Chemist: 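Take a look at the following structure, please.
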Amino acid sequence: MIKLLQKFLNKFVRNLFKKKKHIKLGLYGPPNGGKTTLANRICQDWLGEDMGTASSIAHETREIQIKEQVNIKSKGKELSFNLVDTPGIATKIDYEEFIKQGIKEKEAKKRAKEATKGVIDSIKWLDDMDAVIVVLDATLDPYSQVNITIIGNLAARDIPVLIAANKVDLKKASIKKIESAFPQYEVVGISAKYGKNLDEFYEMLFKISG
Ligand SMILES: Nc1nc2c(ncn2[C@@H]2O[C@H](COP(=O)(O)OP(=O)(O)OP(=O)(O)O)[C@@H](O)[C@H]2O)c(=O)[nH]1
Ligand SMILES: [Mg+2]
């Protein structure tokens, strides 16, 4: 009996001091929204290094990328997470689009195949996320099938979401349009490329992850 009690107490004490696991923070969205640019911005701000390659050609990220132990601080609070950059989600991937961007046929076909697998991986990984930043290009119509599907999936799983309305440095950008498309979520306007409004972004990140 005493042994059992001891065992129980040991386990209790061990659990008490076990370090809280790092939360997984995912970057999700359609291709070219600026997920990797934002991932690089976050990693530069807090680790002084890049995370991946950003490109004007869609589906640059075709594999899940993880940066472990990113620690951010805002207003005396600290947040620690593993940052997950995901391949952009699309309903249709056509290798001819890559050819139009100057990529040779063989490579274009390979890319299309990898990009398709990437989309499947992104969706598979959704279940593992503790919180998600949906990165949208604020110059585009937010009511796309992809955006609605991503946000609907996150809502169904009760995963906390922050929408980053990216590219606010561009004239055509509209944060309002995104806010009215997804009124149930916090929206923060940023420019990942030029580092605009990142302070507010980090504050919001605390709000959704806390
Ligand atoms: N003007 C402007 N361009 C941006 C901004 N953020 C990203 N971009 C550009 O948008 C393009 C796509 O950026 P990425 O970061 O590669 O986009 P992504 O969401 O990771 O794309 P995939 O990996 O294909 O899913 C690149 O040409 C970036 O330089 C921004 O804040 N303002
Ligand atoms: Mg990317």
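No experiment lies behind these values; they were computed from the predicted model shown.
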Chemist: Please test E60 against T36 for side-chain contact (heavy atoms from CB on, under 4.5 Å), starting from the C-alpha separation and ending with a verdict.
Modeler: CA-CA 9 Å; E60 177 64 25; T36 305; over 6 Å; no

Chemist: Give me the one residue out of E114, H59, K113 that meets side chain to side chain contact (heavy atoms under 4.5 Å, CB included) with I93.
Modeler: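 Result for side chain to side chain contact (heavy atoms under 4.5 Å, CB included) with I93: H59.
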
Chemist: Please report the interatomic distance CD1(I66) to CG(D128), rounded to the nearest 0.5 Å.
Modeler: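 Here the rounded value is 9.0 Å.
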
Chemist: In terms of hydrophobic clusters joined by side-chain contacts under 4.5 Å, are V187 and L25 together?
Modeler: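 Different clusters: V187 never reaches L25 through Ile, Leu, Val, Met, Phe, Trp or Tyr contacts under 4.5 Å.
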
Chemist: Set out, in order, the CA-CA distance, both residues' side-chain angles and the distance that settles side-chain contact (heavy atoms from CB on, under 4.5 Å) for I208 and Y185, then state yes or no.
Modeler: CA-CA 10 Å; I208 67 146; Y185 290 116; over 6 Å; no

Chemist: Show, in sequence, the C-alpha distance, side-chain angles and deciding distance for D137 and N32, and conclude whether the side-chain contact (heavy atoms from CB on, under 4.5 Å) test is met.
Modeler: CA-CA 8 Å; D137 182 334; N32 264 353; over 6 Å; no

Chemist: May I ask whether L27 and M204 are part of the same hydrophobic cluster, defined by side-chain heavy atoms of I, L, V, M, F, W, Y residues being less than 4.5 angstrom apart, directly or through others?
Modeler: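 L27 and M204: one cluster.
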
Chemist: Using a cut-off of 6.0 Å, state whether more than 12 heavy atoms not belonging to Q145 lie near its atom CD.
Modeler: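 No, because the 6.0 Å sphere around CD of Q145 holds 12 heavy atoms or fewer from other groups.
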
Chemist: Is the closest basic N to carboxylate O distance between K207 and E203 below 4.0 Å?
Modeler: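 Salt bridge: no.
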
Chemist: Decide yes or no for I151 and I163: does some side-chain heavy atom of the first lie under 4.5 Å from some side-chain heavy atom of the second?
Modeler: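 In contact.
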
Chemist: If you compare all heavy atoms of C43 against all heavy atoms of D50, which two are closest, and at what distance to 0.1 Å?
Modeler: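 Result for this residue pair: CB-C, 4.4 Å.
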
Chemist: Does A192 offer a backbone N or O that forms a donor-acceptor pair with the side chain of N166 under 3.5 Å?
Modeler: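 Looks like yes, one N/O pair under 3.5 Å.
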
Chemist: What distance do E68 atom CD and N82 atom CG have between them, rounded to the nearest 0.5 Å?
Modeler: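 The CG atom of N82 is 5.0 Å from CD of E68, to the nearest 0.5 Å.
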
Chemist: Looking only at heavy atoms, what is the nearest atom pair of I103 and A108, with distance?
Modeler: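 Reported closest heavy-atom pair: CG2-N, 3.6 Å.
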
Chemist: Does the side chain of W125 come within less than 4.5 Å of T86's, by heavy atoms?
Modeler: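 No, their side chains stay 4.5 Å or more apart.
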
Chemist: Looking at side-chain heavy atoms only, is the closest gap between K110 and K106 below 4.5 Å?
Modeler: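 Answer no - side chains too far apart.
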
Chemist: Are any non-hydrogen side-chain atoms of K75 and F206 less than 4.5 angstrom apart?
Modeler: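 No, every pair of side-chain atoms sits at 4.5 Å or beyond.
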
Chemist: Looking at D141 and K177, is any side-chain nitrogen of the basic one under 4.0 Å from a carboxylate oxygen of the acidic one?
Modeler: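 No.
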
Chemist: If the condition is side-chain contact (heavy atoms from CB on, under 4.5 Å), which residues does D121 pass it with, not counting sequence neighbours?
Modeler: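 Partners of D121 by the side-chain contact (heavy atoms from CB on, under 4.5 Å) criterion, ordered by chain and then number, come out as I64, K117, K124.
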
Chemist: When you compare the side chain of L79 with that of Y202, does any pair of heavy atoms fall below 4.5 Å?
Modeler: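 No. Closest side-chain heavy atoms not under 4.5 Å.
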
Chemist: Taking atom NZ of K193 and atom CZ of R41, what is their separation to the nearest 0.5 Å?
Modeler: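 That separation rounds to 11.0 Å.
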
Chemist: Under 4.5 Å between any side-chain heavy atoms of T61 and K35, yes or no?
Modeler: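 Heavy-atom side-chain distance check fails, nothing below 4.5 Å.
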
Chemist: Is the shortest side-chain N to carboxylate O distance from E97 to K100 below 4.0 Å?
Modeler: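 Salt bridge between E97 and K100, a charged N being under 4.0 Å from a carboxylate O: yes.
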
Chemist: When rounded to the nearest 0.5 angstrom, what distance separates CD in E179 from CD in Q184?
Modeler: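 Here the interatomic distance stands at 12.0 Å.
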
Chemist: Is there a chain of hydrophobic side chains (I, L, V, M, F, W, Y, each step under 4.5 Å between heavy atoms) that links I89 to L154?
Modeler: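 I89 clusters together with L154.
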
Chemist: Give a yes or no on whether the backbone of T149 and the side-chain of N153 come within a donor-acceptor separation of less than 3.5 Å.
Modeler: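 Yes: the side chain of N153 pairs with the backbone of T149.
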
Chemist: Give the cluster check for I178 versus V168: same hydrophobic cluster or not, with ILVMFWY residues linked at side-chain heavy-atom distances below 4.5 Å.
Modeler: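 Yes, it is one cluster - the side chains of I178 and V168 are joined through contacts under 4.5 Å.
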
Chemist: Do the side chain of D85 and the main chain of Q65 share a donor and acceptor less than 3.5 angstrom apart?
Modeler: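 No: the side chain of D85 does not pair with the backbone of Q65.
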
Chemist: Taking it one step at a time, do V161 and F182 satisfy side-chain contact (heavy atoms from CB on, under 4.5 Å)?
Modeler: CA-CA 11 Å; V161 170; F182 306 109; over 6 Å; no

Chemist: For the CG atom of L198 and the OG atom of S74, what is their distance to the nearest 0.5 Å?
Modeler: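 Result: 11.5 Å between the selected atoms.
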
Chemist: Going by the rule side-chain contact (heavy atoms from CB on, under 4.5 Å), which residues pair with V70 if we only count those two or more places apart in sequence or in a different chain?
Modeler: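 For V70 the side-chain contact (heavy atoms from CB on, under 4.5 Å) partners, ignoring immediate neighbours, are I42, W46, L47, K67, I72, F81, L83.
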
Chemist: Does K24 offer a backbone N or O that forms a donor-acceptor pair with the side chain of D130 under 3.5 Å?
Modeler: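 A pair under 3.5 Å: yes.
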
Chemist: Heavy atoms only: give me the nearest S122-Y28 pair and the separation to one decimal.
Modeler: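 It is O-OH, 2.6 Å.
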
Chemist: Would you check if N147 and P30 make a side-chain contact, meaning some heavy-atom pair closer than 4.5 Å?
Modeler: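 Yes, close enough: below the 4.5 Å cut-off.
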
Chemist: Under 4.5 Å between side-chain heavy atoms, hopping through other hydrophobics if needed: is there a path connecting L170 to I190?
Modeler: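 No, no single cluster joins them.
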
Chemist: Atom CG of N40 and atom CD of E49: how far apart are they, to the nearest 0.5 Å?
Modeler: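 Interatomic distance, N40 CG to E49 CD, rounded to 0.5 Å: 10.0 Å.
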
